[in-house]
Every structure is written in C-alpha cells, then in structure tokens.
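Naming convention: chains lettered A, B, ... in sequence-line order (proteins, then strands); numbering from 1 in each chain.
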2 protein chains.
Amino acid sequence: MSEHLHHPPTEELELTAVLHALSDPIRLGIVRDLAGNGACNCGAFSVPVAKSTLSHHLKVLREAGVTLTEPAGTQRVVSLRAADLESRFPGLLDAVLAAAPAEAA
Amino acid sequence: MSEHLHHPPTEELELTAVLHALSDPIRLGIVRDLAGNGACNCGAFSVPVAKSTLSHHLKVLREAGVTLTEPAGTQRVVSLRAADLESRFPGLLDAVLAAAPAEAA
DNA sequence: ATCCTTGTTCGACGTTCGACGAACATCGTA
DNA sequence: TACGATGTTCGTCGAACGTCGAACAAGGAT
C-alpha cells in the first residue's frame with residue numbers, strides 16, 4: 001500500500017483536469033467534506049459507493065492535483081491542496097466551494 | 001432550425017453540469033472566445049472539429065446554462081450567460097477565464 | 001506468526017462521451 | 001419557386017467513465 005503516489009506539481013496543474021475532477025457529484029462531495037472537516041482517512045467519507053469506487057475517485061482527485069494523499073500507517077490521509085489550487089487558479093476552489101452547499105440543499 | 005432551444009433558468013443551474021461543460025478543451029476554448037470577442041455565430045469559432053461536433057459542444061454548453069443561443073435569421077448568435085453564472089456561482093466564471101489563458105500558453 | 005483492518009488493483013459490465021459524415025430543416029435571396 | 005448558406009439531427013464508431021465484487025498488499029495488534 002505504499003507505492004509512489006503521483007501528485008502533479010503545482011505548476012503543471014491542468015484546468016480541464018481539475019474541472020473534470022470536480023464535475024462528478026461524488027467527487028464534489030468528497031471535496032466539500034475535506035473543505036469542511038479538514039483531512040480525512042479514506043474510510044471517513046460518507047459516500048454511497050463501494051470502497052473500490054471510492055478509491056478510484058480519490059485517485060482521480062489526486063491525479064488532477066485537487067487532493068494530497070499521504071500514507072499514515074495502514075491508513076491514508078487525504079487533504080485538499082487548497083493553497084496549490086489557489087496559487088495556480090486563483091478563486092476557483094473558493095467559487096466551487098461557495099456554490100456547492102446550494103447544490104446540496 | 002427554429003426549435004424551442006432549451007435554456008435552464010438561472011436558479012436551476014447545476015454546478016456539476018457547468019463544471020463538466022467547462023472541462024472539455026474544445027468547449028473551454030469556445031467560452032474563452034466568447035469572453036474575449038463577445039457574441040459569435042456558430043461558424044465563427046475556430047475549433048478543429050466538424051460542424052456537427054461543434055453543434056454538439058454548443059448544445060452541451062447551452063444545456064448546462066453556460067451560453068445563450070438565439071436565432072438570428074439563418075444563423076444563431078451564441079453568447080456567454082456571464083451575469084447568470086455570476087449570480088448563481090459568484091466568481092466561478094472569472095476564475096476559469098483568468099486561468100484559461102495560462103493553459104493555452 | 002497469525003489475524004484484522006485499511007485501502008489498492010484487477011477484470012467485467014453497461015453507460016456516456018467525443019468524433020465523424022450524411023441527411024434534413026430553415027431562412028434569405030436570386 | 002428554386003437555390004444556397006447555416007446549423008441541427010441521426011446513426012455509427014471507438015474510447016473513456018463509473019460502478020461493482022473479488023483478489024491482493026501492507027501495516028498494526030494479538
């Protein structure tokens with residue numbers, strides 16, 4: 001479980017990849033959880049999908065540069081790369097997070 | 001050519017649909033053109049796809065609520081629903097447009 | 001050493017997407 | 001009326017996506 005997790009460097013973040021990562025309701029929910037609760041281990045998300053599917057979504061978010069995944073013992077801690085996103089795409093994450101709650105309501 | 005073009009009302013714009021519409025390079029280019037040049041007829045976009053494909057992309061943008069398509073004689077004028085997007089998702093379009101040029105460079 | 005917990009990877013399946021050309025519809029004009 | 005220009009729709013194709021269960025890998029605890 002300790003492979004070399006690939007995280008794109010901040011300068012190489014692609015807008016279309018980030019937008020695509022955020023355009024799925026499950027992944028958007030994960031991002032919202034992270035923004036509200038801070039870092040989480042993979043099992044802490046309340047998403048209605050199988051764990052293999054969750055793992056896939058977390059991989060998409062990580063490879064798009066939206067999240068950071070760090071091994072921590074037998075778990076993995078997932079967090080938002082908020083500062084990196086802000087420096088590469090100023091205002092984008094804030095705009096998405098500001099809008100997301102209205103979606104849920 | 002004068003069907004009832006469906007445009008979702010501002011209150012019903014869905015964030016995931018908007019993000020998905022913007023997550024394709026072709027469509028992002030169209031949005032960037034519209035932001036820079038104002039309204040365009042369908043043929044005025046310099047996109048490397050067949051016209052049927054362009055029509056499809058314009059339909060995706062329209063149904064997500066990103067663009068407004070109005071018949072004008074034998075043509076159709078496409079424009080950005082910038083104000084609607086701003087009121088529903090404040091800052092989102094600006095953030096995307098600010099980032100887009102860096103992608104192209 | 002043996003489990004148990006956590007999370008990833010591997011096919012498999014069905015759906016959606018992006019692309020194209022051909023055919024069609026519409027409006028303006030000759 | 002007939003033609004031409006502008007877009008849309010249809011049918012098709014391969015690729016990518018989202019989902020699942022089963023099998024696997026790794027670290028901690030007993």
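Look at CG on A:L22: it is 12 Å from P on D:dG18, rounded to the nearest Å. Across the protein-nucleic acid pair, B:K59 atom NZ and D:dT6 atom P stand 22 Å apart, rounded to whole Å. One can place CG of A:D24 at 14 Å from C1' of C:dC17, the figure rounded to the nearest angstrom. Between B:F45 atom CZ and D:dT8 atom P the separation is 10 Å, expressed in whole Å. What separates NZ of B:K51 from C1' of D:dA5 is a distance of 8 Å, to the nearest Å. Atom CG of A:L61 and atom C1' of C:dT8 are 16 Å apart (whole Å). Summarising the geometry, the separation between CD on B:E63 and C1' on C:dT16 is reported as 14 Å, rounded to the nearest angstrom. One can place CD1 of B:I26 at 16 Å from P of D:dA16, the figure rounded to the nearest angstrom.
Distances shown here put every side-chain N or O of B:T74 at or beyond 4.0 Å from the OP1 or OP2 atom of D:dA5. Distances shown here put a side-chain N or O of B:N41 below 4.0 Å from the OP1 or OP2 atom of D:dG7. Using a 4.0 Å cut-off, some side-chain N or O of B:R27 falls inside it from OP1 or OP2 of C:dG18. Applying the 4.0 Å criterion to OP1 and OP2 of D:dT8, one finds that B:S55 has a side-chain N or O inside that range. Between D:dG27 and A:R76, no contact under 4.0 Å exists linking OP1 or OP2 to a side-chain N or O.
Among all heavy-atom pairs drawn from A:R81 and A:T67, the shortest one is CD-O, 3.5 Å. The heavy-atom pair separating B:A44 from B:C40 by the smallest distance is CB-CB, 4.0 Å. The shortest non-hydrogen separation linking B:C42 to B:V78 is SG-CG2, 4.1 Å.
Remark: side-chain polar atoms of A:E63 are not paired, donor with acceptor, to backbone N or O of A:H7 under 3.5 angstrom.
When each of B:A72 and A:V77 is assigned the nucleotide of DNA chain C bearing its nearest heavy atom, the one mapping closer to the 5' terminus is A:V77. Judged by closest nucleotide on DNA chain D, A:H20 is the one of A:H20 and A:V49 placed further toward the 5' end.
Comparing D:dG18, C:dG21, D:dC20 against the side chain of B:A50 picks out C:dG21 as the nearest. Candidate nucleotides C:dT8, C:dG18, C:dA19 were compared by shortest atom distance to the side chain of A:C42, and C:dT8 ranks first.
Hydrophobic clustering of Ile, Leu, Val, Met, Phe, Trp and Tyr side chains at less than 4.5 Å, counting indirect connections, unites A:V31 with B:L15.
Side-chain to base pairing of A:S52 with D:dG21: one donor and one acceptor N or O lie within less than 3.5 Å of each other.
Heavy atoms of A:H57 sit under 4.0 angstrom from primed sugar atoms or phosphate atoms, though from no base atom.
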